[in-house]
There are 2 protein chains.
Amino acid sequence: MGMEEKIMESKNISPAVIKRLPRYYRYLGDLLKLGIDRISSKDLSEKMQVTASQIRQDLNNFGGFGQQGYGYNVEYLYNEIAKILGLDKDYNLIIVGAGNLGTAITNYTDFAKRGFYIRKAFDVKPELIGKKIGEIEILGMDSLPDFIKNNQVDIAAITVPKEIATETATKLVKCGIKAIWNFAPVDLRLPKDVIVETIHLSDTLMRLSYSLKNKTSK
Amino acid sequence: MGMEEKIMESKNISPAVIKRLPRYYRYLGDLLKLGIDRISSKDLSEKMQVTASQIRQDLNNFGGFGQQGYGYNVEYLYNEIAKILGLDKDYNLIIVGAGNLGTAITNYTDFAKRGFYIRKAFDVKPELIGKKIGEIEILGMDSLPDFIKNNQVDIAAITVPKEIATETATKLVKCGIKAIWNFAPVDLRLPKDVIVETIHLSDTLMRLSYSLKNKTSK
DNA sequence: TAGATTGTTAATCGATTAACAATC
DNA sequence: TAGATTGTTAATCGATTAACAATC
(Lines give C-alpha, C1' and ligand atoms only; values in the text may rest on other atoms or scores of the structure.)
Protein backbone atom coordinates (compact mmCIF):
# COMPACT_ATOMS: atom_id res chain seq x y z
CA MET A 1 0.00 0.00 0.00
CA GLY A 2 2.74 2.41 0.97
CA MET A 3 4.58 1.25 -2.11
CA GLU A 4 1.71 1.72 -4.49
CA GLU A 5 1.28 5.26 -3.23
CA LYS A 6 4.89 6.10 -3.95
CA ILE A 7 4.61 4.84 -7.49
CA MET A 8 1.71 6.90 -8.73
CA GLU A 9 2.72 10.20 -7.16
CA SER A 10 0.09 12.46 -8.69
CA LYS A 11 -3.28 10.75 -8.23
CA ASN A 12 -5.28 13.09 -10.43
CA ILE A 13 -5.99 16.16 -8.41
CA SER A 14 -9.07 17.98 -9.62
CA PRO A 15 -8.50 21.32 -11.39
CA ALA A 16 -10.80 23.02 -8.87
CA VAL A 17 -8.45 22.05 -6.06
CA ILE A 18 -5.33 23.17 -7.89
CA LYS A 19 -6.90 26.52 -8.61
CA ARG A 20 -7.43 27.06 -4.89
CA LEU A 21 -3.90 26.19 -3.80
CA PRO A 22 -2.32 29.60 -4.49
CA ARG A 23 -5.05 31.18 -2.39
CA TYR A 24 -4.29 28.90 0.57
CA TYR A 25 -0.66 29.76 0.10
CA ARG A 26 -1.42 33.46 0.20
CA TYR A 27 -3.49 33.24 3.38
CA LEU A 28 -0.95 31.05 5.13
CA GLY A 29 1.78 33.52 4.18
CA ASP A 30 -0.27 36.29 5.78
CA LEU A 31 -0.76 34.26 8.96
CA LEU A 32 2.93 33.49 9.07
CA LYS A 33 3.76 37.18 8.78
CA LEU A 34 1.37 37.86 11.66
CA GLY A 35 3.31 35.39 13.78
CA ILE A 36 0.41 32.94 14.11
CA ASP A 37 1.81 29.44 14.33
CA ARG A 38 -1.25 27.21 14.33
CA ILE A 39 -4.69 27.33 12.80
CA SER A 40 -7.68 25.02 12.61
CA SER A 41 -9.58 24.41 9.41
CA LYS A 42 -12.54 26.12 11.07
CA ASP A 43 -10.66 29.35 11.81
CA LEU A 44 -9.06 29.38 8.40
CA SER A 45 -12.43 28.75 6.77
CA GLU A 46 -13.81 31.87 8.43
CA LYS A 47 -10.94 33.98 7.21
CA MET A 48 -11.14 32.63 3.69
CA GLN A 49 -14.92 32.44 3.46
CA VAL A 50 -15.00 28.81 2.46
CA THR A 51 -16.10 25.71 4.36
CA ALA A 52 -13.77 23.98 6.78
CA SER A 53 -14.76 20.78 5.07
CA GLN A 54 -13.41 22.01 1.77
CA ILE A 55 -10.10 23.01 3.30
CA ARG A 56 -9.61 19.60 4.89
CA GLN A 57 -10.77 17.83 1.76
CA ASP A 58 -8.43 19.88 -0.42
CA LEU A 59 -5.36 19.45 1.74
CA ASN A 60 -5.90 15.74 2.13
CA ASN A 61 -5.40 15.31 -1.57
CA PHE A 62 -1.74 15.85 -0.89
CA GLY A 63 -1.32 14.28 2.53
CA GLY A 64 -2.32 14.62 6.12
CA PHE A 65 -0.73 17.90 7.12
CA GLY A 66 -2.78 18.42 10.27
CA GLN A 67 -3.07 16.90 13.67
CA GLN A 68 -6.28 15.91 15.42
CA GLY A 69 -7.14 18.18 18.30
CA TYR A 70 -4.52 20.71 17.27
CA GLY A 71 -5.11 21.87 13.73
CA TYR A 72 -2.40 22.81 11.25
CA ASN A 73 1.01 24.23 11.90
CA VAL A 74 1.09 27.37 9.78
CA GLU A 75 4.73 27.37 8.82
CA TYR A 76 4.77 23.68 8.03
CA LEU A 77 1.63 23.86 5.91
CA TYR A 78 2.90 26.97 4.15
CA ASN A 79 6.08 25.19 3.18
CA GLU A 80 4.29 22.03 2.14
CA ILE A 81 1.98 23.97 -0.17
CA ALA A 82 5.01 25.76 -1.57
CA LYS A 83 6.49 22.37 -2.42
CA ILE A 84 3.25 21.16 -3.96
CA LEU A 85 3.12 24.27 -6.13
CA GLY A 86 6.74 23.85 -7.12
CA LEU A 87 7.77 27.07 -5.39
CA ASP A 88 10.76 25.40 -3.76
CA LYS A 89 12.75 25.93 -6.91
CA ASP A 90 13.53 28.87 -9.19
CA TYR A 91 12.23 29.47 -12.69
CA ASN A 92 13.73 31.36 -15.59
CA LEU A 93 11.31 33.42 -17.62
CA ILE A 94 11.48 35.34 -20.83
CA ILE A 95 9.07 38.01 -21.96
CA VAL A 96 8.10 37.93 -25.60
CA GLY A 97 6.74 41.30 -26.60
CA ALA A 98 8.29 44.30 -24.88
CA GLY A 99 5.31 46.61 -25.19
CA ASN A 100 3.41 48.09 -22.28
CA LEU A 101 2.22 44.86 -20.78
CA GLY A 102 5.56 43.12 -21.26
CA THR A 103 7.29 46.07 -19.63
CA ALA A 104 4.86 46.12 -16.74
CA ILE A 105 5.39 42.46 -16.02
CA THR A 106 9.14 42.73 -16.37
CA ASN A 107 9.16 45.56 -13.87
CA TYR A 108 6.94 43.75 -11.42
CA THR A 109 9.51 42.56 -8.91
CA ASP A 110 7.09 40.53 -6.78
CA PHE A 111 7.43 37.54 -9.04
CA ALA A 112 11.15 37.29 -8.34
CA LYS A 113 10.35 37.01 -4.65
CA ARG A 114 8.59 33.75 -5.38
CA GLY A 115 11.44 32.47 -7.53
CA PHE A 116 10.23 33.54 -10.96
CA TYR A 117 13.14 35.36 -12.57
CA ILE A 118 12.71 37.28 -15.76
CA ARG A 119 15.97 36.93 -17.68
CA LYS A 120 15.40 38.63 -21.02
CA ALA A 121 12.76 40.35 -23.09
CA PHE A 122 12.31 39.99 -26.84
CA ASP A 123 10.68 42.18 -29.44
CA VAL A 124 10.60 42.67 -33.18
CA LYS A 125 10.81 46.45 -33.09
CA PRO A 126 14.36 47.56 -34.03
CA GLU A 127 14.06 50.68 -31.88
CA LEU A 128 13.56 48.56 -28.76
CA ILE A 129 16.37 46.11 -29.36
CA GLY A 130 19.35 46.78 -27.13
CA LYS A 131 17.29 48.90 -24.75
CA LYS A 132 16.62 47.76 -21.20
CA ILE A 133 13.61 47.38 -18.95
CA GLY A 134 15.15 48.00 -15.55
CA GLU A 135 17.98 45.51 -15.55
CA ILE A 136 16.48 43.33 -18.26
CA GLU A 137 17.84 43.56 -21.75
CA ILE A 138 15.61 43.56 -24.82
CA LEU A 139 16.82 41.34 -27.64
CA GLY A 140 15.50 40.95 -31.17
CA MET A 141 13.23 38.04 -32.03
CA ASP A 142 16.05 36.63 -34.20
CA SER A 143 18.04 35.98 -31.06
CA LEU A 144 15.25 33.93 -29.52
CA PRO A 145 16.15 30.43 -30.76
CA ASP A 146 19.79 30.75 -29.78
CA PHE A 147 18.95 32.18 -26.39
CA ILE A 148 16.61 29.32 -25.60
CA LYS A 149 19.15 26.81 -26.85
CA ASN A 150 21.90 28.19 -24.64
CA ASN A 151 19.91 28.99 -21.52
CA GLN A 152 17.39 27.11 -19.50
CA VAL A 153 14.13 28.92 -20.06
CA ASP A 154 11.27 27.44 -18.05
CA ILE A 155 8.44 29.79 -18.91
CA ALA A 156 7.78 32.23 -21.75
CA ALA A 157 5.30 35.05 -21.32
CA ILE A 158 3.51 36.11 -24.49
CA THR A 159 2.71 39.80 -24.44
CA VAL A 160 2.58 40.46 -28.16
CA PRO A 161 -0.48 41.81 -30.02
CA LYS A 162 -3.16 39.18 -30.53
CA GLU A 163 -2.65 39.13 -34.28
CA ILE A 164 0.76 37.50 -33.91
CA ALA A 165 0.16 35.63 -30.66
CA THR A 166 -0.49 32.25 -32.25
CA GLU A 167 2.55 32.32 -34.52
CA THR A 168 4.67 33.53 -31.61
CA ALA A 169 3.49 30.61 -29.52
CA THR A 170 4.26 28.16 -32.30
CA LYS A 171 7.75 29.63 -32.65
CA LEU A 172 8.34 29.28 -28.92
CA VAL A 173 7.21 25.69 -28.92
CA LYS A 174 9.49 24.95 -31.83
CA CYS A 175 12.36 26.31 -29.76
CA GLY A 176 11.48 23.86 -27.03
CA ILE A 177 9.46 25.99 -24.60
CA LYS A 178 7.20 23.84 -22.43
CA ALA A 179 5.25 26.44 -20.47
CA ILE A 180 3.55 29.57 -21.73
CA TRP A 181 2.07 32.44 -19.75
CA ASN A 182 -0.23 33.95 -22.31
CA PHE A 183 -1.61 37.49 -22.11
CA ALA A 184 -2.96 37.68 -25.65
CA PRO A 185 -6.74 37.36 -25.95
CA VAL A 186 -6.60 34.13 -27.96
CA ASP A 187 -6.90 30.47 -27.06
CA LEU A 188 -3.61 28.85 -27.94
CA ARG A 189 -3.96 25.35 -29.31
CA LEU A 190 -0.60 23.70 -28.72
CA PRO A 191 0.81 20.18 -28.31
CA LYS A 192 -0.47 18.77 -25.06
CA ASP A 193 2.93 18.52 -23.46
CA VAL A 194 3.04 22.32 -23.52
CA ILE A 195 1.41 23.96 -20.52
CA VAL A 196 -0.52 27.17 -21.11
CA GLU A 197 -1.96 29.61 -18.63
CA THR A 198 -3.91 32.41 -20.26
CA ILE A 199 -4.93 35.67 -18.65
CA HIS A 200 -7.93 37.00 -20.51
CA LEU A 201 -8.02 40.59 -19.29
CA SER A 202 -10.87 41.63 -21.53
CA ASP A 203 -12.96 38.66 -20.38
CA THR A 204 -12.78 39.91 -16.83
CA LEU A 205 -13.87 43.37 -17.94
CA MET A 206 -16.86 41.87 -19.73
CA ARG A 207 -17.85 39.99 -16.60
CA LEU A 208 -17.73 43.29 -14.76
CA SER A 209 -20.06 44.93 -17.24
CA TYR A 210 -22.35 41.91 -17.10
CA SER A 211 -22.58 42.19 -13.33
CA LEU A 212 -23.07 45.95 -13.47
CA LYS A 213 -25.94 45.50 -15.86
CA ASN A 214 -27.64 42.78 -13.86
CA LYS A 215 -27.34 44.78 -10.68
CA THR A 216 -28.81 48.08 -11.80
CA SER A 217 -31.69 46.29 -13.55
CA LYS A 218 -32.61 44.84 -10.16
CA MET B 1 -46.25 32.79 -18.41
CA GLY B 2 -44.87 35.32 -20.86
CA MET B 3 -45.61 37.96 -18.26
CA GLU B 4 -43.92 36.16 -15.42
CA GLU B 5 -40.81 35.85 -17.53
CA LYS B 6 -40.70 39.55 -18.15
CA ILE B 7 -40.92 40.30 -14.46
CA MET B 8 -38.00 38.29 -13.17
CA GLU B 9 -35.52 39.19 -15.89
CA SER B 10 -32.39 37.56 -14.49
CA LYS B 11 -33.33 34.05 -13.42
CA ASN B 12 -30.10 33.21 -11.63
CA ILE B 13 -27.62 32.28 -14.27
CA SER B 14 -24.87 30.05 -12.95
CA PRO B 15 -21.41 31.61 -12.57
CA ALA B 16 -19.97 28.88 -14.77
CA VAL B 17 -22.15 30.04 -17.65
CA ILE B 18 -21.34 33.71 -17.18
CA LYS B 19 -17.66 32.94 -17.19
CA ARG B 20 -18.02 31.30 -20.59
CA LEU B 21 -19.94 34.13 -22.25
CA PRO B 22 -16.93 36.30 -23.15
CA ARG B 23 -15.38 33.30 -24.83
CA TYR B 24 -18.45 32.74 -26.99
CA TYR B 25 -18.38 36.41 -27.82
CA ARG B 26 -14.76 36.17 -28.88
CA TYR B 27 -15.33 33.18 -31.15
CA LEU B 28 -18.43 34.69 -32.73
CA GLY B 29 -16.49 37.88 -33.37
CA ASP B 30 -13.85 35.83 -35.17
CA LEU B 31 -16.48 34.06 -37.28
CA LEU B 32 -18.08 37.38 -38.12
CA LYS B 33 -14.73 38.75 -39.27
CA LEU B 34 -14.31 35.67 -41.45
CA GLY B 35 -17.63 36.46 -43.10
CA ILE B 36 -19.35 33.31 -41.85
CA ASP B 37 -22.99 34.05 -41.27
CA ARG B 38 -24.38 30.88 -39.75
CA ILE B 39 -23.07 28.17 -37.48
CA SER B 40 -24.48 25.11 -35.77
CA SER B 41 -23.78 24.28 -32.15
CA LYS B 42 -21.94 21.23 -33.42
CA ASP B 43 -19.55 23.18 -35.64
CA LEU B 44 -18.98 25.79 -32.97
CA SER B 45 -18.36 23.07 -30.40
CA GLU B 46 -15.56 21.69 -32.54
CA LYS B 47 -13.93 25.07 -32.90
CA MET B 48 -14.21 25.83 -29.21
CA GLN B 49 -13.46 22.34 -27.93
CA VAL B 50 -16.56 22.08 -25.82
CA THR B 51 -19.71 19.99 -26.26
CA ALA B 52 -22.51 21.15 -28.53
CA SER B 53 -24.83 20.34 -25.67
CA GLN B 54 -23.13 22.83 -23.42
CA ILE B 55 -23.36 25.58 -26.02
CA ARG B 56 -27.08 25.06 -26.49
CA GLN B 57 -27.65 24.74 -22.77
CA ASP B 58 -25.68 27.91 -22.07
CA LEU B 59 -27.38 30.02 -24.71
CA ASN B 60 -30.84 28.87 -23.72
CA ASN B 61 -30.37 30.49 -20.35
CA PHE B 62 -30.88 33.77 -22.15
CA GLY B 63 -33.36 32.84 -24.84
CA GLY B 64 -33.78 30.78 -27.98
CA PHE B 65 -31.33 32.38 -30.36
CA GLY B 66 -31.19 29.53 -32.82
CA GLN B 67 -33.44 27.95 -35.35
CA GLN B 68 -34.08 24.23 -35.75
CA GLY B 69 -32.54 22.81 -38.87
CA TYR B 70 -30.48 25.95 -39.44
CA GLY B 71 -28.33 26.72 -36.44
CA TYR B 72 -27.44 30.19 -35.23
CA ASN B 73 -27.06 33.38 -37.19
CA VAL B 74 -23.57 34.56 -36.30
CA GLU B 75 -24.16 38.29 -36.39
CA TYR B 76 -27.43 38.08 -34.50
CA LEU B 77 -25.98 35.84 -31.80
CA TYR B 78 -22.89 38.03 -31.53
CA ASN B 79 -25.03 41.08 -30.93
CA GLU B 80 -27.29 39.29 -28.48
CA ILE B 81 -24.34 38.16 -26.41
CA ALA B 82 -22.98 41.69 -26.51
CA LYS B 83 -26.27 42.88 -25.05
CA ILE B 84 -26.25 40.18 -22.39
CA LEU B 85 -22.74 41.19 -21.39
CA GLY B 86 -23.70 44.84 -21.32
CA LEU B 87 -21.38 45.69 -24.21
CA ASP B 88 -24.05 47.74 -25.96
CA LYS B 89 -23.18 50.71 -23.80
CA ASP B 90 -20.00 52.56 -22.89
CA TYR B 91 -18.21 52.57 -19.57
CA ASN B 92 -15.99 55.17 -17.95
CA LEU B 93 -12.97 53.85 -16.13
CA ILE B 94 -10.35 55.31 -13.88
CA ILE B 95 -7.00 53.77 -13.08
CA VAL B 96 -5.88 54.05 -9.49
CA GLY B 97 -2.16 53.54 -9.31
CA ALA B 98 -0.15 54.86 -12.25
CA GLY B 99 2.78 52.47 -11.92
CA ASN B 100 3.80 49.96 -14.54
CA LEU B 101 0.66 47.92 -14.53
CA GLY B 102 -1.59 50.96 -14.44
CA THR B 103 0.33 52.46 -17.33
CA ALA B 104 0.16 49.23 -19.32
CA ILE B 105 -3.59 49.01 -18.93
CA THR B 106 -4.08 52.68 -19.70
CA ASN B 107 -2.12 52.27 -22.89
CA TYR B 108 -3.95 49.16 -23.93
CA THR B 109 -6.31 50.58 -26.51
CA ASP B 110 -8.24 47.36 -27.13
CA PHE B 111 -10.52 48.01 -24.20
CA ALA B 112 -11.79 51.22 -25.75
CA LYS B 113 -12.86 49.23 -28.81
CA ARG B 114 -15.31 47.37 -26.60
CA GLY B 115 -16.60 50.57 -25.02
CA PHE B 116 -14.40 50.69 -21.93
CA TYR B 117 -12.94 54.17 -21.83
CA ILE B 118 -10.17 55.07 -19.44
CA ARG B 119 -10.72 58.70 -18.44
CA LYS B 120 -8.11 59.50 -15.81
CA ALA B 121 -5.35 57.92 -13.80
CA PHE B 122 -4.58 58.66 -10.16
CA ASP B 123 -1.46 58.27 -8.08
CA VAL B 124 0.03 59.48 -4.83
CA LYS B 125 3.50 60.14 -6.19
CA PRO B 126 3.98 63.91 -6.64
CA GLU B 127 6.39 63.37 -9.53
CA LEU B 128 3.68 61.59 -11.54
CA ILE B 129 0.91 64.10 -10.95
CA GLY B 130 0.25 66.24 -13.99
CA LYS B 131 2.08 63.84 -16.29
CA LYS B 132 0.22 61.92 -18.95
CA ILE B 133 -0.08 58.32 -20.07
CA GLY B 134 -0.74 58.73 -23.76
CA GLU B 135 -3.72 61.04 -23.72
CA ILE B 136 -4.69 60.23 -20.15
CA GLU B 137 -3.85 62.68 -17.42
CA ILE B 138 -2.53 61.57 -14.03
CA LEU B 139 -4.12 63.31 -11.07
CA GLY B 140 -3.25 63.17 -7.39
CA MET B 141 -5.21 60.94 -5.07
CA ASP B 142 -6.60 64.08 -3.40
CA SER B 143 -8.50 64.85 -6.55
CA LEU B 144 -10.20 61.46 -6.56
CA PRO B 145 -13.35 62.23 -4.52
CA ASP B 146 -14.15 65.36 -6.50
CA PHE B 147 -13.53 63.68 -9.80
CA ILE B 148 -15.88 60.83 -8.97
CA LYS B 149 -18.48 63.28 -7.70
CA ASN B 150 -18.40 65.33 -10.88
CA ASN B 151 -18.05 62.55 -13.44
CA GLN B 152 -19.76 59.28 -13.99
CA VAL B 153 -17.17 56.65 -13.21
CA ASP B 154 -18.43 53.13 -13.78
CA ILE B 155 -15.36 51.09 -13.01
CA ALA B 156 -12.17 51.73 -11.05
CA ALA B 157 -9.08 49.64 -11.69
CA ILE B 158 -6.84 49.12 -8.69
CA THR B 159 -3.20 48.86 -9.70
CA VAL B 160 -1.57 50.04 -6.50
CA PRO B 161 0.90 47.97 -4.43
CA LYS B 162 -0.83 45.26 -2.41
CA GLU B 163 0.01 46.95 0.89
CA ILE B 164 -2.38 49.80 0.17
CA ALA B 165 -4.87 47.93 -2.02
CA THR B 166 -7.47 47.38 0.70
CA GLU B 167 -7.49 50.97 1.90
CA THR B 168 -7.61 52.18 -1.69
CA ALA B 169 -10.65 50.00 -2.33
CA THR B 170 -12.36 51.30 0.80
CA LYS B 171 -11.68 54.86 -0.31
CA LEU B 172 -13.15 54.18 -3.74
CA VAL B 173 -16.27 52.61 -2.27
CA LYS B 174 -16.68 55.61 0.01
CA CYS B 175 -16.62 57.81 -3.09
CA GLY B 176 -19.45 55.75 -4.54
CA ILE B 177 -17.63 53.37 -6.89
CA LYS B 178 -19.71 50.25 -7.56
CA ALA B 179 -17.36 48.14 -9.66
CA ILE B 180 -13.71 47.37 -9.07
CA TRP B 181 -11.21 45.75 -11.40
CA ASN B 182 -8.59 44.62 -8.95
CA PHE B 183 -5.02 43.76 -9.91
CA ALA B 184 -3.57 43.66 -6.41
CA PRO B 185 -2.93 40.17 -5.02
CA VAL B 186 -5.44 40.51 -2.19
CA ASP B 187 -9.05 39.43 -1.73
CA LEU B 188 -11.08 42.58 -1.28
CA ARG B 189 -13.93 42.22 1.20
CA LEU B 190 -16.39 44.96 0.29
CA PRO B 191 -20.12 45.67 0.67
CA LYS B 192 -22.00 43.22 -1.48
CA ASP B 193 -23.44 45.87 -3.76
CA VAL B 194 -19.89 46.50 -4.97
CA ILE B 195 -18.79 44.23 -7.78
CA VAL B 196 -15.19 43.05 -7.77
CA GLU B 197 -13.23 41.22 -10.43
CA THR B 198 -9.74 40.31 -9.33
CA ILE B 199 -6.88 39.29 -11.59
CA HIS B 200 -4.44 37.25 -9.51
CA LEU B 201 -1.40 37.27 -11.76
CA SER B 202 0.84 35.48 -9.31
CA ASP B 203 -1.77 32.74 -8.84
CA THR B 204 -1.58 31.92 -12.52
CA LEU B 205 2.20 31.74 -12.33
CA MET B 206 1.96 29.33 -9.43
CA ARG B 207 -0.41 27.14 -11.38
CA LEU B 208 2.16 27.08 -14.17
CA SER B 209 4.89 25.94 -11.83
CA TYR B 210 2.54 23.34 -10.36
CA SER B 211 1.87 21.94 -13.80
CA LEU B 212 5.52 22.04 -14.78
CA LYS B 213 6.39 20.07 -11.69
CA ASN B 214 3.71 17.46 -12.16
CA LYS B 215 4.65 16.99 -15.78
CA THR B 216 8.38 16.41 -15.43
CA SER B 217 7.81 14.02 -12.51
CA LYS B 218 5.79 11.87 -14.90
C1' DT C 1 -41.22 16.94 -47.92
C1' DA C 2 -36.90 15.08 -45.69
C1' DG C 3 -32.89 16.41 -43.29
C1' DA C 4 -30.86 19.11 -39.98
C1' DT C 5 -30.53 21.07 -35.76
C1' DT C 6 -32.54 23.31 -32.06
C1' DG C 7 -34.61 23.61 -27.21
C1' DT C 8 -35.27 20.97 -23.28
C1' DT C 9 -35.76 17.05 -20.23
C1' DA C 10 -33.45 13.24 -18.12
C1' DA C 11 -29.09 10.87 -16.85
C1' DT C 12 -24.48 11.25 -15.48
C1' DC C 13 -20.65 13.04 -13.62
C1' DG C 14 -17.90 15.83 -10.51
C1' DA C 15 -17.40 18.88 -6.78
C1' DT C 16 -18.93 20.54 -2.29
C1' DT C 17 -20.73 19.89 2.20
C1' DA C 18 -22.11 17.22 6.23
C1' DA C 19 -21.19 13.93 9.54
C1' DC C 20 -18.57 11.28 12.54
C1' DA C 21 -15.21 7.84 14.04
C1' DA C 22 -10.31 8.11 14.86
C1' DT C 23 -6.90 10.18 17.54
C1' DC C 24 -3.83 13.74 19.20
C1' DT D 1 -8.28 12.07 30.72
C1' DA D 2 -11.58 15.20 28.18
C1' DG D 3 -11.86 18.37 24.48
C1' DA D 4 -10.70 19.58 20.07
C1' DT D 5 -10.10 18.83 15.51
C1' DT D 6 -8.52 16.06 11.93
C1' DG D 7 -9.04 12.58 7.98
C1' DT D 8 -12.39 10.33 5.45
C1' DT D 9 -16.75 8.33 4.10
C1' DA D 10 -21.41 9.29 2.78
C1' DA D 11 -24.98 12.63 1.24
C1' DT D 12 -26.08 16.55 -1.35
C1' DC D 13 -25.76 19.79 -4.64
C1' DG D 14 -24.63 21.76 -9.09
C1' DA D 15 -22.87 21.44 -13.60
C1' DT D 16 -22.15 18.79 -17.79
C1' DT D 17 -23.52 15.56 -21.18
C1' DA D 18 -26.77 12.60 -23.60
C1' DA D 19 -30.94 11.92 -25.79
C1' DC D 20 -34.81 13.03 -28.37
C1' DA D 21 -39.21 15.20 -29.52
C1' DA D 22 -40.33 19.56 -31.66
C1' DT D 23 -39.88 22.18 -35.67
C1' DC D 24 -37.70 25.00 -39.12
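A, B, ... follow the sequence lines: proteins, then strands. Residue 1 opens every chain.
- Relative to the ring axis of Y72(A), R38(A) does not place its NZ or CZ within 45° and under 6.0 Å from the centre.
- Note on S53(B): a base of the nucleic acid sits closer than 4.0 angstrom, heavy atoms only.
- In this structure, CG of L77(B) is placed 11 Å from P of dT6(C), rounded to the nearest angstrom.
- In the set dT17(C), dG7(D), dC24(D), the nucleotide with an atom closest to the side chain of Q68(B) is dC24(D).
- Taking the six-membered ring for Trp and thresholds of 30 and 60 degrees, F65(B) and Y76(B) have ring planes more than 60 degrees apart, a perpendicular arrangement.
- Atom CG of N60(A) is separated from atom P of dT5(D) by 16 Å (rounded to the nearest Å).
- Distance E46(A) CD to dT5(D) C1': 14 Å, rounded to the nearest Å.
- Using the Watson-Crick or G-U wobble rule with both distances under 3.5 Å, dG14(C) pairs with dC13(D).
- dA19(C): Watson-Crick or G-U partner is dT8(D), with both key distances under 3.5 Å.
- With hydrogens and angles ignored, the 3.5 Å screen pairs a side-chain donor or acceptor of Y91(B) with a backbone N or O of G86(B).
- Of the listed nucleotides (dA15(C), dC24(D), dG7(C)), dA15(C) has the atom at the smallest distance from the side chain of P15(A).
- Applying the 4.0 Å criterion to OP1 and OP2 of dG7(D), one finds that Y72(A) has a side-chain N or O inside that range.
- Summarising the geometry, the separation between CG on N61(B) and P on dG14(D) is reported as 15 Å, rounded to the nearest angstrom.
- To the nearest angstrom, P of dT6(D) lies 10 Å from CG of L44(A).
- Judged by closest nucleotide on DNA chain C, G71(B) is the one of R20(A) and G71(B) placed further toward the 5' end.
- Under the 3.5 Å distance criterion, the side-chain polar atoms of T159(B) are matched with a main-chain donor or acceptor of V96(B).
- Atom CD of Q54(A) and atom C1' of dG7(D) are 16 Å apart (whole Å).
- When both pairing distances are held under 3.5 Å, dC24(D) makes a Watson-Crick or G-U pair with dG3(C).
- Regarding N12(B), its CG atom lies at a distance of 13 Å from the C1' atom of dG14(D), rounded to whole Å.
- Ring orientation note: the planes of Y210(A) and F62(B) are nearly perpendicular, at an angle over 60° on the 30°/60° scale.
- Side-chain atoms of Q57(B) stay outside donor-acceptor range of the base of dT6(C), with no qualifying N/O pair under 3.5 Å.
- Taking atom CD1 on I55(B) and atom P on dG7(C), their separation rounds to 12 Å, with Å as the unit.
- For dT5(C), neither phosphate oxygen OP1 nor OP2 lies less than 4.0 angstrom from any side-chain nitrogen or oxygen of S41(B).
- Relative to the side chain of R56(B), the nucleotides dA22(C), dA15(D), dT8(C) differ in distance, and dT8(C) lies closest.
- Within the structure, every side-chain polar atom (N or O) of T51(A) is placed at least 4.0 Å from both OP1 and OP2 of dT16(C).
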